[in-house]
Peer 1: 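Before anything else, here's the structure in question.
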Amino acid sequence: KCINCFWFVIMGLCVAPTNYCKLGAIATIEKICPERVPLCLDLLPALSGEDTTKSFFQELVNILLSYVCKSFRRSSKVLDFHHPHQLREGLEGFSLELPDQPENLEQLLVDCRDTLKYGVKTGHPRFFNQLSSGLDVIGLAGEWLTSTANTNMFTYEVSPVFILMEEILLKKMQEIVGWSEEEGDGVFCPGGTMSNLYSVLLARYHFFPEVKTKGMTALPRLILFTSAHSHYSVKKSAAVLGIGSENVVVVKCNDWGKMIPAELESSIITAKDQGCVPFYVNATAGTTVYGAFDPLNAIADICESHGLWLHVDAAWGGGLLMSNLHRVKLQGIERAWSVTWNPHKMMGAPLQCSAILVKKRGLLKDCNQMCAEYLFQTDKHYDTSYDTGDKTIQCGRHVDVFKLWLMWKAKGSEGFESQVNKCLENAEHLFDKLKQRPDFELVFKSKPEHSNVCFWYIPPSLRNMSPGPERNRRLHEVAPKIKAKMMEQGMAMIGYQPLGDKVNFFRCVFSNPATQTEDVDYLLEEIASLGHDICIRAETDL
Ligand code: ABU
């Protein structure tokens, strides 16, 4: 409860406690009660709010710094797991409920600390759960600055510096993809799914510009193609854009998760024979689970011969373009008409940071612009081609570029290259270790192409069982059971999933530059020790 309320009551003033804030009478109150605990209304823009604001931020920075340091400390937990009902009920006074009366600043700082305490330290060297991980200190500084600037990416007039930074970053990324000086456009958008959505939107507009005004009724039945291992956002895009997820043809992959070009070609021919109109192919550079790279040149040849838009979803694999050693895996990407590339994955930029790169200049604007006169006035006193907001499907747009720009300044392209190389070295180390161990089984016998390593832990009770449905049924239960225990203990975190005919297996991914080979070794020991005694019941016991 607010100390002020008591003071008002004790001093018998005829003012309701909540009216204190509304009156804005901070100076008067301080005279009455010099000891009271400050509230948010004591911060800027309150008169003489500078000192309180400084102290508040200093305390906040201490909390954030302590979290950052703990995130890198191996002795600290990756997570302090609680079930949703426990968090909702309130832990050690940490209440998620929203009050009617203001909380004081001290309490708000405790809330900040608790919010971090019960979250997941995705920057911890033993967090292997997601494609985006790590805690880049410069990136974090960039994010803080971005929030401080609190501006909008729609016009040059409110974001002059950030708009130019976006232009420079996009140009650099296009150059790295291999497009010429004359080619290339793009925007940063909220994640890879949105970037992929842009690609389908632009492809459809490129072939059928009337869709912008007439809608899908003016169009024939459109078909797009993507591989069985591609990201689900391609189907989602078709659903969102009114094309329909059933009009996405899922092309078969080989055992390593790569699209089979001959299957693509025959699917295109079949669709045409059925009277449909193929217009778009998504090739993936770095699939989500296996980390597979589709054969881009072979797919580009097919797209060229059938006149189809080629999009490359390099959300995950795009980072490898920064490495002279590994960029060969994306050979042919320069032939794409559009590319998704998420620096918040392999390049370690704080979330979110995703770009859609488009080869044909002007298409984004033609496709999306609505010319709102209150925002995009054409008679402004500067070059309004820098008002890039109308290229997007959003109005307000977050500044996602500054942190990446600052990181690039701090590391140089070479810094990113060594970061990427290191992640792939960790993957190779894990692969080598797994090969040597009888208690683990690799999903693939061949060296990983990306930093994804997929494997099963085989508990003692399954080691001598012959392959077949009963072994598969039991093996399917192993990874979720181990993960549950791992999350309760909180010392590491790794993902699992089934895929196709493969029962639940672990997927370890490396994108965190803080991870060392000792962390990889730790992970294996942790899985083995958690899994050694797990109880998997035989079918007959169920
Ligand atoms: N494209 C979403 C990333 C999924 C993951 O982190 O596993």
Peer 1: Would you say the side-chain atoms of Ser511 pair up with the backbone N or O of Leu131, donor to acceptor, closer than 3.5 Å?
Peer 2: yes
Peer 1: Any side-chain to backbone donor/acceptor pair from Lys329 onto Leu320? Under 3.5 Å, distance only.
Peer 2: no
Peer 1: Would you say Ser323's side chain and Val420's backbone share a donor-acceptor pair under 3.5 angstrom?
Peer 2: no
Peer 1: Specify the closest pair of heavy atoms between His344 and Gly191, including all atoms of both residues, with the distance to one decimal.
Peer 2: CE1-CA, 4.2 Å
Peer 1: To check you understand the geometry: which heavy-atom pair defines the closest contact between Thr193 and His231, and what is its length?
Peer 2: OG1-CE1, 3.6 Å
Peer 1: Roughly how far, to the nearest 0.5 Å, is the CG atom of Leu524 from the NE2 atom of His429?
Peer 2: 7.5 Å
Peer 1: Measuring only between side-chain heavy atoms, which start at C-beta, is Val312 closer than 4.5 Å to Ile299?
Peer 2: no
Peer 1: Would you please say whether a donor-acceptor pair under 3.5 Å links the side chains of Asn196 and Ser237?
Peer 2: no
Peer 1: Rounded to the nearest 0.5 Å, what separation is found between the CG atom of Leu91 and the CG atom of Asp114?
Peer 2: 8.5 Å
Peer 1: Would you confirm whether Thr287, through its side chain, and Ala292, through its main-chain N or O, come within 3.5 Å as a donor-acceptor pair?
Peer 2: yes
Peer 1: Testing the basics here: between Asn512 and Cys423, what is the closest heavy-atom pair and its distance to 0.1 Å?
Peer 2: N-SG, 4.1 Å
Peer 1: Assign the ring pair His450 / Trp316 to parallel, tilted or perpendicular, where the plane angle (0 to 90°) is split at 30° and 60°.
Peer 2: parallel
Peer 1: Check for a donor-acceptor pair, side chain of Lys485 on one end and backbone N or O of Gly531 on the other, with a separation under 3.5 Å.
Peer 2: no
Peer 1: Between Phe416 and Trp408, is the ring centroid distance below 6.0 Å?
Peer 2: yes
Peer 1: Is it true that Thr288 and Tyr232 share a donor-acceptor pair across their side chains at a distance under 3.5 Å?
Peer 2: no
Peer 1: Compare all side-chain heavy atoms of Val120 with those of Val78 and state whether any distance is below 4.5 angstrom.
Peer 2: yes
Peer 1: Do other residues, nucleotides or ligands put more than 12 heavy atoms under 6.0 Å from Arg88 CZ?
Peer 2: no
Peer 1: How many angstroms lie between CD in Glu425 and CG in Leu430, if you round to the nearest 0.5 Å?
Peer 2: 14.0 Å
Peer 1: Is there a donor-acceptor contact under 3.5 Å from the side chain of Trp341 to the main chain of Ile356?
Peer 2: no
Peer 1: Within a reach of under 6.0 Å around NZ of Lys235, are more than 12 heavy atoms found that belong to other residues, nucleotides or ligands?
Peer 2: no
Peer 1: Check whether any side-chain N or O of Thr122 sits under 3.5 Å from a backbone N or O of Ser133 as a donor-acceptor pair, and report yes or no.
Peer 2: no
Peer 1: For side chain to side chain contact (heavy atoms under 4.5 Å, CB included), just list the numbers for Val478 and Leu475, CA-CA rounded to whole Å, side-chain angles, deciding distance to a tenth of an Å, and then say yes or no.
Peer 2: CA-CA 5 Å; Val478 172; Leu475 189 56; 4.2 Å; yes
Peer 1: Might you confirm whether atom CD of Glu106 has over 12 heavy atoms from other residues, nucleotides or ligands at distances under 6.0 Å?
Peer 2: no
Peer 1: Let's go through Arg463 and Glu441 carefully: what are the C-alpha distance in whole Å and the side-chain angles of both, what is the deciding distance for salt bridge (Lys or Arg N to Asp or Glu O under 4.0 Å) to 0.1 Å, and is it a yes or a no?
Peer 2: CA-CA 10 Å; Arg463 279 183 211 153; Glu441 197 177 308; over 6 Å; no
Peer 1: Among Arg471, Arg473, His476, find the residue that satisfies the side-chain contact (heavy atoms from CB on, under 4.5 Å) test when tested with Val503.
Peer 2: His476
Peer 1: Got Leu170 and Leu357 here, is their nearest side-chain heavy-atom distance under 4.5 Å?
Peer 2: yes
Peer 1: Can any side-chain N or O of Glu417 pair as donor or acceptor with the backbone N or O of Asn324 at less than 3.5 Å?
Peer 2: yes
Peer 1: Would you say Thr284 and Met259 make side-chain contact, with heavy atoms under 4.5 Å?
Peer 2: no
Peer 1: Stepwise, does the side chain to side chain contact (heavy atoms under 4.5 Å, CB included) test hold for Val443 with Tyr290?
Peer 2: CA-CA 9 Å; Val443 173; Tyr290 287 174; 4.1 Å; yes
Peer 1: For Phe440 and Phe506, I'd like to know if the aromatic rings sit close, meaning centre-to-centre distance below 6.0 Å.
Peer 2: no
Peer 1: Taking Lys403 for the side chain and Gln352 for the main chain, is one N or O donor matched with an acceptor at less than 3.5 Å?
Peer 2: yes
Peer 1: Counting only heavy atoms from other residues, nucleotides and ligands, does the tally under 6.0 Å from NZ of Lys77 exceed 12?
Peer 2: yes
Peer 1: Do Arg126's NZ or CZ and the ring of Tyr522 fall within the cation-pi criteria of under 6.0 Å and 45°?
Peer 2: yes
Peer 1: Per the ring-ring contact (aromatic ring centres under 6.0 Å, His included) rule, which among Tyr67, Phe81, Phe94 passes with Tyr118?
Peer 2: Phe94
Peer 1: Flag the pair Val240 / Val200 as yes when at least one side-chain heavy-atom distance between them is below 4.5 Å, and no otherwise.
Peer 2: no
Peer 1: Given the rule in the side chain to side chain donor-acceptor pair (under 3.5 Å) test, do Asp313 and Asn282 qualify, once you have shown the distances and angles that lead to the verdict?
Peer 2: CA-CA 7 Å; Asp313 176 2; Asn282 170 61; 4.9 Å; no
Peer 1: If every non-hydrogen atom of Tyr457 is compared with every non-hydrogen atom of Asp439, which pair is closest and at what distance?
Peer 2: CD1-O, 3.2 Å
Peer 1: Determine yes or no for a side-chain-to-main-chain donor-acceptor pair under 3.5 angstrom, with Lys391 supplying the side chain and Val187 the backbone.
Peer 2: no
Peer 1: Around atom CD of Glu518, are there more than 12 heavy atoms of other residues, nucleotides or ligands at under 6.0 Å?
Peer 2: yes
Peer 1: Once you round to the nearest 0.5 Å, how far does CG of Leu241 lie from CG of Leu201?
Peer 2: 5.5 Å
Peer 1: Mind checking what makes side chain to side chain contact (heavy atoms under 4.5 Å, CB included) contact with Ser55, not counting sequence neighbours?
Peer 2: none
Peer 1: Take atom CD of Gln436 as the centre, draw a 6.0 Å sphere, and report whether it contains more than 12 heavy atoms from other residues, nucleotides or ligands.
Peer 2: yes
Peer 1: For atom CH2 of Trp256, decide whether the heavy atoms of other residues, nucleotides or ligands shown that lie under 6.0 angstrom number more than 12.
Peer 2: no
Peer 1: Could you walk me through whether Asp432 and Lys435 satisfy the salt bridge (Lys or Arg N to Asp or Glu O under 4.0 Å) test, starting with their C-alpha distance in whole Å, then the side-chain angles of each, then the deciding distance to 0.1 Å, before giving a yes or no?
Peer 2: CA-CA 5 Å; Asp432 290 339; Lys435 268 196 309 195; 3.7 Å; yes
Peer 1: Measure the NE2-CE distance between His326 and Met346 for me, rounded to the nearest 0.5 Å.
Peer 2: 8.0 Å
Peer 1: Is it the case that atom CZ in Phe72 sees more than 12 heavy atoms from other parts of the structure closer than 6.0 Å?
Peer 2: yes
Peer 1: Looking at OH of Tyr280 and CH2 of Trp337, how far apart are the two atoms once the value is rounded to the nearest 0.5 Å?
Peer 2: 12.5 Å
Peer 1: How far apart are the closest heavy atoms of Asp519 and Phe128, and which atoms are they?
Peer 2: O-CZ, 3.9 Å
Peer 1: Does a side-chain heavy-atom distance below 4.5 Å link Met322 with Lys411?
Peer 2: no
Peer 1: Between Gln107 and Asp111, does the side chain to side chain donor-acceptor pair (under 3.5 Å) criterion hold? Intermediate values first, please.
Peer 2: CA-CA 6 Å; Gln107 182 57 47; Asp111 291 341; 3.1 Å; yes
Peer 1: Check His83 against Gln86 and note the closest heavy-atom contact, atom names and distance.
Peer 2: N-OE1, 2.7 Å
Peer 1: Are His229 and Leu499 packed together at the side-chain level, in the sense that at least one heavy-atom pair is separated by less than 4.5 angstrom?
Peer 2: yes
Peer 1: For Glu166, which of Lys171, Lys172, Arg397 qualifies under salt bridge (Lys or Arg N to Asp or Glu O under 4.0 Å)?
Peer 2: Arg397
Peer 1: Any side-chain heavy atom of Thr392 within less than 4.5 Å of one from Asn368?
Peer 2: no
Peer 1: Once side chain to side chain donor-acceptor pair (under 3.5 Å) is applied, do any residues pair with Lys483, and if so which ones, sequence neighbours excluded?
Peer 2: Asn129
